[in-house]
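Working notes, beginning with the structure itself.
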Amino acid sequence: QVQLVESGGGLVQTGGSLRLSCAASGRTFVIYTMGWFRQAPGKERTFVGGIRWSSSRQFYADSVKGRFTISRDNAKNTVYLQMNSLKPEDTAVYYCAAANRIVVGTTGDDYDYWGQGTQVTVSS
């Protein structure tokens with residue numbers, strides 16, 4: 001069983017920052033891409049950003065580009081989402097996901113494993 005565990009969510013003021021972590025454990029698997037998604041109440045789950053594991057190349061949704069940064073620690077099998085200049089519209093449950101095959105990585109269907117989510121709330 002592959003397990004992804006997110007941490008680092010919380011309550012922050014508009015303009016503040018948070019750093020989310022996602023640690024992968026359990027069955028050994030090849031990580032091609034890890035991604036971050038978010039889902040606000042009553043809304044669809046949407047893509048936030050992703051990272052190619054081997055190259056560390058990152059890609060982002062337009063809504064967060066320039067504010068969010070994804071990085072990874074290969075030794076720890078951990079991916080991070082640094083969120084700066086947070087806005088109320090960033091409020092959502094944030095999920096990390098892993099793909100064990102070659103994918104584009106911008107849709108949930110691309111991913112094989114998912115974390116339980118962590119709540120991020122940005123006060124207005």
Side-chain angles (χ1 to χ4, degrees):
Q1 177 99 359
V2 173
Q3 186 175 18
L4 304 178
V5 179
E6 300 101 332
S7 61
L11 176 64
V12 66
Q13 296 182 46
T14 297
S17 298
L18 283 174
R19 189 192 192 202
L20 306 184
S21 300
C22 174
S25 63
R27 175 190 281 181
T28 300
F29 68 101
V30 177
I31 300 173
Y32 282 86
T33 299
M34 292 193 71
W36 287 94
F37 292 76
R38 63 187 182 185
Q39 187 169 24
K43 296 186 178 180
E44 297 178 335
R45 185 176 298 186
T46 59
F47 171 74
V48 175
I51 185 168
R52 310 296 182 195
W53 198 258
S54 61
S55 67
S56 194
R57 182 179 178 180
Q58 307 118 66
F59 50 102
Y60 303 93
D62 289 342
S63 60
V64 306
K65 199 167 189 176
R67 299 188 297 121
F68 291 10
T69 303
I70 296 173
S71 60
R72 62 106 172 96
D73 186 327
N74 184 59
K76 296 181 179 180
N77 274 1
T78 298
V79 65
Y80 305 94
L81 180 65
Q82 178 67 48
M83 304 184 294
N84 299 324
S85 301
L86 283 162
K87 307 173 181 178
E89 50 263 46
D90 296 318
T91 295
V93 176
Y94 283 71
Y95 300 88
C96 69
N100 62 8
R101 53 195 167 85
I102 297 174
V103 296
V104 174
T106 56
T107 179
D109 290 342
D110 289 336
Y111 293 89
D112 304 288
Y113 306 104
W114 291 83
Q116 82 289 347
T118 186
Q119 177 71 48
V120 172
T121 302
V122 184
S123 63
S124 60

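For the numbers below, each heavy atom of this structure counts, side chains included, while hydrogens, waters and symmetry mates do not. Counting begins at 1 with the first residue of the sequence.
Two residues are said to be in side-chain contact when any heavy atoms from C-beta on lie closer than 4.5 Å; Ser21 and Glu6 fail this criterion. The side-chain heavy atoms of Cys22 and Tyr80, taken from C-beta on, include no pair separated by under 4.5 Å. Taking the side chain as every heavy atom from C-beta outward, Val79 and Ile70 approach each other to under 4.5 Å.
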Please tabulate, one pair per line, all N/O donor-acceptor pairs under 3.5 Å involving side-chain atoms of residues 97-108, not counting sequence neighbours.
from   : atom 1 : to     : atom 2 : distance (Å)
Arg101 : NE     : Asp112 : OD1    : 3.3
Arg101 : NH2    : Asp109 : O      : 3.3
Arg101 : NH2    : Asp110 : O      : 3.2

Output a table of donor-acceptor pairs, distance under 3.5 Å, between side-chain atoms of residues 10-20 and any protein atom two or more places apart or on a different chain; print 'none' if there are none.
from  : atom 1 : to     : atom 2 : distance (Å)
Thr14 : OG1    : Ser123 : O      : 2.5
Ser17 : OG     : Asn84  : OD1    : 2.9

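Atom-to-atom distance recorded for Ser7:OG and Gln116:CD is 8.5 Å, nearest 0.5 angstrom.
Trp53 is linked by a ring-ring contact (aromatic ring centres under 6.0 Å, His included) to nothing, counting only residues two or more places apart in sequence or in another chain. By the side chain to side chain contact (heavy atoms under 4.5 Å, CB included) test, Lys65 is found to be paired with Tyr60, residues two or more places apart in sequence or in another chain being considered.
Among residue pairs with one or both ends in residues 48-61, none qualify as salt bridge (charged side-chain N to carboxylate O under 4.0 Å, His left out); sequence neighbours excluded. Residues in residues 95-117 take part in these ring pair (Phe, Tyr, Trp, His ring centres under 6.0 Å) pairs, two or more places apart or across chains: Phe29-Tyr113, Phe37-Tyr111, Phe37-Trp114.
For the pair Arg67 (side chain) and Ser85 (backbone), a donor-acceptor distance under 3.5 Å is present.
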Requested in this report: Decide yes or no on side chain to side chain donor-acceptor pair (under 3.5 Å) for Glu89 and Thr91, but give the supporting numbers first.
Outcome: CA-CA 5 Å; Glu89 50 263 46; Thr91 295; over 6 Å; no
